[in-house]
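Predicted model, so just to flag it, every value in this text is computed and none were measured.
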Amino acid sequence: MSHLILYQRDYCHLCDQALAVMAEARAPDFESEWVDDSAELEARYGTRVPVLRDTRDGRELDWPFDASAVRRFLAPATRG
């Protein structure tokens with residue numbers, strides 16, 4: 001199981017863009033969670049998606065982000 005989660009919505013063009021950015025950044029494997037499937041996630045992330053979260057330390061990267069921002073976000077994780 002990955003320590004990274006990308007929170008997203010169905011039929012979300014920004015989420016599609018985020019997936020492309022993650023690929024460009026060569027991000028490691030991550031889980032996808034759909035906000036639409038959970039009232040709790042809807043309340044927390046409803047207007048913020050897509051959001052990349054590191055479950056180990058709770059850090060989150062809100063959209064908009066680019067490949068450089070993703071690499072910086074992931075850098076602490078690769079040092080440990």
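- The distance from atom NE2 of H3 to atom OG1 of T55, rounded to the nearest 0.5 Å, is 7.0 Å.
- With rounding to the nearest 0.5 Å, the separation of CG in L74 from CG in L52 is 6.5 Å.
- In this structure, the side chain of R53 does not engage the main chain of L4 through any donor-acceptor pair within 3.5 Å.
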What donor-acceptor contacts under 3.5 angstrom involve side-chain atoms of residues 10-35, with partners at least two apart or in another chain?
{"residue": "D10", "atom": "OD1", "partner": "W34", "partner atom": "NE1", "Å": "3.1"}
{"residue": "S32", "atom": "OG", "partner": "Q8", "partner atom": "NE2", "Å": "2.8"}

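- Partners of R48 according to the salt bridge (Lys or Arg N to Asp or Glu O under 4.0 Å) rule, which considers only residues two or more places apart in sequence or in another chain, are E60, D62.
- The stretch residues 44-67 participates, sequence neighbours left out, in these ring pair (Phe, Tyr, Trp, His ring centres under 6.0 Å) pairs: Y7-Y45, W63-F65.
- The side-chain hydrogen bond (donor to acceptor under 3.5 Å, both in side chains) check on D66 picks up nothing, with sequence neighbours excluded.
- The salt bridge (Lys or Arg N to Asp or Glu O under 4.0 Å) test applied to R9 returns D36, E42, not counting sequence neighbours.
- You'll find the side chain of V51 stays beyond 4.5 Å of the side chain of L61, heavy atoms only.
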